[in-house]
Number of protein chains: 2
Amino acid sequence: MSIRPHQIAGKNAEKTKAHNRRVVLGYLQGRDAGRAEIARASGLSTQTVSNLMAELEAENLVQPAGRRPSARGQPPLVYHFNAKGAAVLGFEVRPDALTMVVTDIGGTPIVTQHERLAQTSPETVLAQMAQMAGAARETPDYPRILGAGLVIPGPFGVEGLSAAGATTLPGWDPLRIPALAEAALGLPVHLDKDATAAALAEGMFGAAQGLSSYAFLYFGSGLGLGVIIQGHPLRGAFGNAGELGHVVIEPGGLPCDCGNLGCLEQYVSRLSVQRHLIARGLLPADTRGTDATIARLLDVDDNALSDWVDQAAKALSRAIGMLENLFDPQSIILGGALPDGLLDLLIARLTLPLGSVSRREGRSQPRVVRGTSGRLTAALGAAALVIHYTVTPRLDAHPMEQPNAFN
Amino acid sequence: MSIRPHQIAGKNAEKTKAHNRRVVLGYLQGRDAGRAEIARASGLSTQTVSNLMAELEAENLVQPAGRRPSARGQPPLVYHFNAKGAAVLGFEVRPDALTMVVTDIGGTPIVTQHERLAQTSPETVLAQMAQMAGAARETPDYPRILGAGLVIPGPFGVEGLSAAGATTLPGWDPLRIPALAEAALGLPVHLDKDATAAALAEGMFGAAQGLSSYAFLYFGSGLGLGVIIQGHPLRGAFGNAGELGHVVIEPGGLPCDCGNLGCLEQYVSRLSVQRHLIARGLLPADTRGTDATIARLLDVDDNALSDWVDQAAKALSRAIGMLENLFDPQSIILGGALPDGLLDLLIARLTLPLGSVSRREGRSQPRVVRGTSGRLTAALGAAALVIHYTVTPRLDAHPMEQPNAFN
DNA sequence: AGCCTTAACTCAAAACATTTGAATAAAGTA
DNA sequence: TACTTTATTCAAATGTTTTGAGTTAAGGCT
């Protein structure tokens, strides 16, 4: 998370090599390819690519996958990104619970662990994380662990904006935490907020594969937004970009704890459906069984739920138009803690605004898609953070801010 | 303008040097500094910085400015960014006119030229540009010209979204134009839309100096938005990010040509004041003398104008809350073709929403500021584009997409 | 004053990574 | 079979940065 005053670092030969490594790995993450092809795509010489590939193969991050027949000349020896070549740790910290997932660098979960949190002070939680990580690492034959991703609820350093039910974690200063976590875990640590991490995961393994610019609407307790611009997460000056839930979508509408009237979150969020269903006696006040209830109501085409969807779709359509005009993404993805069926219905009922830069001839992507994320979204997103920084050539921020397994 | 499918380039020694050059120049653009200081800030060795400085001095881009007394040890020889060391060309193409400004790399205009356009086909206009540029270059003792910036009205590749009065220029495909312009001018060319270019200019020479993440609301014929994130312009997948004018801010409100109801542009734009004043008989229907009229009405504290400001401030406050929550900028800047007095009044009447990530303790920047731009904003922005790419280390896009004087 | 410490800077050699050019390998084509 | 095309490797050359040993210039201390 680079939210310090912008500082720019110089480059030397080693940094250049690390960059080129990531270029090659990133290319291979997208598709199998021979060395000559990678050289052409990257502008590097074939010799350089050869050298890098030899290293990557020695580290088991890529594997040769036979020769691919081609029109003429010597057929290239294609290489394959080896998803099982290394592992990463993903942690999701919430006010009441800590989730860890270990995935390979293809994003496939290997181990999942969930623990309740009694205290949320950074010291306690980091100690607990270190313990979980230690246990996971003791498994024999474990592939190399490249780093840990850490997802905490945002926004950072702002009072009175958190979603009802969730609270910003006290003491979790995003500037200090990564260094502390690195010390505690003995691994490079990348920190971000849930929606951004989930967006990266969706881009690597989910519905946004192959896209480089997209926005991900993340249904958590509130409504978050992760924006990826040309492969890079958008964070803003203080790490709080994408606070979509508190954008006013219905001026003078429903009041929100934050002080605004008509926040999007009041119309489009898990809490919003729950409130709607509770008010109509369709869900117990403690919200237990929300997903099952929604599934049932969807099945019987329930009117109350349908009403909610109509309202939500209206607000969401407006929000999507706004996002399209502001970010000009290739596509917008909806995912997170809402049943797939409900998301699909929501998308089907959208009436997207006419005045949008996304209404262009010859679109190859739909304007709105449902994500493929499940319950683990945020923790997987944390893991995806690490893979992202392993595989994606960095911007030009100061090295202190973005440590990485390949430095 | 890099709006092709995202492709990532490898780096070699020369690219590394170009990068480091920009790091050094960028640092010096912000403040005078000695070589040791630059080395510390950039992470480069003093030797490398020394070498680069020698080159930059030989090219007259930096100048030594005496020794700065320090606590102990040999006092550093501070270097100064030499604003007069080179020049850049800025072109603004509008459907009816072509403006060229030649500035030094400090952004000070040297020559300004304005011509009406009979035809807007790229060929005709590029020829005209080449002629203007040629004339400007014949002046003797002219500093080296680093490149040309080109600003054209957006959005690109979208029908029915342009501001009333302005039209997207037919045939001006942002993917093809830079190459054509480079051929015509014999200079590296950078192209972008007006609001983004103006935002860069504001960051380099205006109210956003020292900021790295900010949003610039540009009053042209409509309302544009330029977003700078950690020093880099945000463009989106197709170059159309920041189409703020057509964001719906008043659902069900005033109809817009684009098909939406309640576009921000209907409430907050030069056209909107003009319409308001014409309807009240305060301005002739041909809008001549708009600025003088507004100045006069401001002076006498006119009620009709005040009413407009109230309405506009209401819509704008909402829009600003939205931008804050989505982009999390250090500050938001208002500028462009609206009299300073009116902008100041607009800002004074804002009631910024409570639910915003920008409401943080210990802000050092105001949330909203008036820009320092004048009539030439867009053309100066075009010039700023070139300076930006000369001085700011690049992201990792493919080199084909961003030619530059230092390649 | 003279000597020490600190900091900026320079010079020449070494290190690092990429590129270049020639050579080899493997396939289709005439 | 000879030729063309494409992929790959080897060894030498290139470009840039870093390193380590000085040199210069200032303040502080005795």
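Naming convention: chains lettered A, B, ... in sequence-line order (proteins, then strands); numbering from 1 in each chain. Every heavy atom of this structure was used, including side-chain atoms; hydrogens, water molecules and symmetry mates were not. Note that the structure is a prediction, hence the values are computed from the model and not measured.
- Nearest-nucleotide mapping onto DNA chain D: of A:Glu37 and A:Ala13, the residue sitting toward the 5' end is A:Glu37.
- Here the side chain of A:Asn82 pairs a donor or acceptor atom with the backbone of A:Asn60 at under 3.5 angstrom.
- Of all heavy-atom pairs between B:Tyr27 and B:Ile38, the closest is CD2-CG1, 3.9 Å.
- Note that CG of B:Leu126 is 5.5 Å distant from CD1 of B:Ile177, once rounded to the nearest 0.5 Å.
- Atom pair A:Lys11:NZ and C:dC16:C1' shows a separation of 16 Å (rounding to whole Å applied).
- At whole-Å resolution of the value, NZ in A:Lys17 and P in C:dT18 are 6 Å apart.
- Taking 4.0 angstrom as the limit, A:Arg21 places none of its side-chain polar atoms (N or O) nearer than this to OP1 or OP2 of C:dA17.
- Considering only side-chain N and O atoms, A:Asn20 lies under 4.0 angstrom from the phosphate OP1 or OP2 of C:dT18.
- Atom CE of A:Met53 and atom P of C:dT18 are 14 Å apart (whole Å).
- Side chain B:Gln47 to base C:dC11: a donor-acceptor pair is found below 3.5 Å.
- A 4.0 Å heavy-atom criterion places the boundary nucleotides of DNA chain D facing chain B at D:dG15 to D:dG28, written 5' to 3'.
- At a threshold of 4.5 Å between non-hydrogen side-chain atoms, the residues B:Glu14 and B:His19 do not count as touching.
- A close approach under 4.0 Å does occur between a side-chain nitrogen or oxygen of B:Ser50 and OP1 or OP2 of C:dT10.
- Within residues 66-76 of chain B, the residues having any heavy atom closer than 4.0 Å to DNA chain D are, in order of number, B:Ala71, B:Arg72, B:Gly73, B:Gln74, B:Pro75.
- When each of B:Tyr79 and A:Thr46 is assigned the nucleotide of DNA chain C with its nearest heavy atom, B:Tyr79 is the one assigned upstream, toward the 5' end.
- No hydrogens or angles considered: nothing links the side chains of A:Asn51 and A:Glu55 as a donor-acceptor pair under 3.5 Å.
- Atoms CD (B:Glu14) and C1' (C:dT18) sit 9 Å apart, rounded to a whole Å.
- The heavy-atom pair separating A:Asp104 from A:Ala83 by the smallest distance is CB-O, 3.0 Å.
- With sequence neighbours excluded, the residues that form a side-chain hydrogen bond (donor to acceptor under 3.5 Å, both in side chains) with B:Arg67 are B:Gln74.
- Between the side chain of B:Ser213 and the main chain of B:Gln230, a donor-acceptor pair closer than 3.5 Å is present.
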What verdict does the side chain to side chain contact (heavy atoms under 4.5 Å, CB included) test give for A:Arg144 and A:Glu59, after you've listed the backbone C-alpha separation in whole Å, the side-chain angles of each residue and the deciding distance to 0.1 Å? CA-CA 9 Å; A:Arg144 177 161 73 112; A:Glu59 291 176 42; 2.9 Å; yes
